[in-house]
Undergrad: 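Mind looking over this structure? Questions follow.
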Amino acid sequence: MAASTVWEILKDAGIDPAPERSATIWAGFLRSQAEVLLACDFLETVTLTGARMYVLAVIEHHTRRIRVLGATAHPTAAWVTQAARNLVMDLEDSGCRARFLIRDRDGKFPDLFDAVLADAGIQTVLTGVRMPRMNAVMERWVQTCRGELLDRMLIWNQRHLLHALREFETFYNEHRAHQGIANARPLKPLPPPITEPDQIAHLNIRRRQHLGGILNEDEHAA
């Protein structure tokens, strides 16, 4: 199944894709389909040896849950297609009912990538040429990953990169507060508010450090 155009997706979603409303129709689609919407992108980084690594990640629009699908120096068609298969299996295991996935027109995505998703009932939506704001949620995560992780540590090799990314994935999904979703975590509910005066006066906060202190978790001691 070929990737759908923005016009087709908006029309199927019941949103008028008329040109005179082009300033708002895409935002309307994102809002109306947020619970069944995924986005993905490649992120590039360089190791200490000078090797260029490509990281493929997927984010859920509604919860902001991130999935790092892998990292490789050679994003071949076979590798990217297998990443799509792994994503589909993970979505099924977690009960995620995604219907759309936004991606750019990067040549690293083969036709089989879209076909694997289509077999699982997920339509691929292509962004416009040189229009990264159409995939703003994913682009924002890429910026966060760079600013909070990759720009603050030296990556030795692929194995080290994957270890750091897995740590950051867990931190992002379970411990990092997201202001856009009321400071909640994608995979961890908000703790009950502290209302007792004695508790407020004697807060017992413990800190856990990961990756040498690059990532920090603060929580109340049991």
Undergrad: List in chain and number order the residues that pass salt bridge (Lys or Arg N to Asp or Glu O under 4.0 Å) with Arg166, two or more places apart in sequence or in another chain; answer none if no residue qualifies.
TA: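 Salt bridge (Lys or Arg N to Asp or Glu O under 4.0 Å) list for Arg166, sorted by chain: Glu169.
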Undergrad: Start with the C-alpha distance between Arg103 and Leu126, add both sets of side-chain angles, then the distance that settles side chain to side chain contact (heavy atoms under 4.5 Å, CB included), and finish with yes or no.
TA: CA-CA 5 Å; Arg103 70 167 178 85; Leu126 300 180; 3.4 Å; yes
Undergrad: Hey, any chance Val58 and Leu112 share a hydrophobic cluster, counting ILVMFWY side chains that come within less than 4.5 Å of each other, even indirectly?
TA: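 Val58 does not cluster with Leu112.
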Undergrad: Heavy atoms, side chains only, cut-off 4.5 Å: are Arg67 and Leu91 in contact?
TA: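 Yes, their side chains come closer than 4.5 Å.
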Undergrad: Kindly compute the distance separating CG (Leu154) from CG (Leu48), expressed to the nearest 0.5 Å.
TA: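 Taking CG in Leu154 and CG in Leu48, the distance rounds to 5.0 Å.
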Undergrad: Can you name the nearest heavy-atom pair linking Ile122 to Phe100, along with the distance?
TA: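 For Ile122 versus Phe100, the nearest heavy atoms are CG2-C, 3.8 Å.
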Undergrad: Is there a side chain to side chain contact (heavy atoms under 4.5 Å, CB included) between Leu87 and Val116 once you walk through the steps?
TA: CA-CA 10 Å; Leu87 171 63; Val116 169; over 6 Å; no
Undergrad: For the side chain of Trp26 and the backbone of Met134, is there at least one donor-acceptor N/O pair under 3.5 Å apart?
TA: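 Yes; at least one donor-acceptor contact below 3.5 Å.
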Undergrad: Rounded to the nearest 0.5 Å, what separation is found between the CD atom of Gln123 and the CG atom of Asp114?
TA: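 One gets 11.0 Å once the value is rounded to the nearest 0.5 Å.
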Undergrad: Nearest 0.5 angstrom please: Glu148 CD to Gln143 CD, how far?
TA: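 Answer for the CD-CD pair, Glu148 versus Gln143, is 10.0 Å.
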Undergrad: Sorted by first residue and then second, give each ring pair (Phe, Tyr, Trp, His ring centres under 6.0 Å) pair with at least one member in residues 115-137; sequence neighbours left out.
TA: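 Found none.
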Undergrad: If you compare all heavy atoms of Glu60 against all heavy atoms of Thr63, which two are closest, and at what distance to 0.1 Å?
TA: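 Reported closest heavy-atom pair: OE1-OG1, 3.0 Å.
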Undergrad: Do you know which two heavy atoms are closest between Ala39 and Asn135, and how far apart they sit?
TA: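 For Ala39 versus Asn135, the nearest heavy atoms are CB-OD1, 3.1 Å.
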Undergrad: Which ILVMFWY residues can you reach from Met138 by hopping between side chains whose heavy atoms are under 4.5 Å apart?
TA: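 Joined to Met138, directly or through intermediates: Leu43, Met53, Val55, Ile59, Ile66, Val68, Val137, Trp141, Val142, Leu149, Leu150, Met153, Ile155, Leu161, Leu165, Phe168, Phe171, Tyr172, Leu211, Ile214, Leu215.
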Undergrad: Verify side chain to side chain donor-acceptor pair (under 3.5 Å) between Thr144 and Arg140, making sure each step is shown before the conclusion.
TA: CA-CA 6 Å; Thr144 298; Arg140 183 65 182 86; 2.7 Å; yes
Undergrad: Can you name the residues that form a salt bridge (Lys or Arg N to Asp or Glu O under 4.0 Å) with Arg97, not counting sequence neighbours?
TA: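 So Arg97 forms a salt bridge (Lys or Arg N to Asp or Glu O under 4.0 Å) with Glu35.
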Undergrad: So which residues get pulled into Leu162's cluster when ILVMFWY side chains under 4.5 Å apart are joined, directly or through others?
TA: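 In the cluster with Leu162 there is nothing else; it is isolated.
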Undergrad: Nearest 0.5 angstrom please: Arg133 CZ to Met131 CE, how far?
TA: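 Taking CZ in Arg133 and CE in Met131, the distance rounds to 9.0 Å.
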Undergrad: Which heavy atom of His175 sits nearest to which heavy atom of Arg185, and what is that distance?
TA: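 Closest approach of His175 to Arg185, heavy atoms only: O-NE, 3.1 Å.
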Undergrad: Considering non-hydrogen atoms only, spot the tightest contact between Pro75 and Lys108 and give its length.
TA: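 Closest heavy-atom pair between Pro75 and Lys108: CG-CD, 3.4 Å.
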Undergrad: Would the distance check show the side chain of Arg105 and the main-chain N or O of Thr127 forming a donor-acceptor pair, the cut-off being under 3.5 Å?
TA: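 Pair found, side chain donor or acceptor close to backbone of Thr127.
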Undergrad: Starting at CG of Asn86, measure out to OG1 of Thr81 and round the result to the nearest 0.5 Å.
TA: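 Going from the CG atom of Asn86 to the OG1 atom of Thr81 covers 11.0 Å.
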Undergrad: If I take atom CZ from residue Arg65 and atom SG from residue Cys96, how far apart are they, to the nearest 0.5 angstrom?
TA: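 Rounded to the nearest 0.5 Å, the CZ-SG separation comes to 8.0 Å.
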Undergrad: Which pairs count as ring pair (Phe, Tyr, Trp, His ring centres under 6.0 Å) when at least one residue sits in residues 32-62, sequence neighbours excluded?
TA: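 The answer is Phe42-Phe109.
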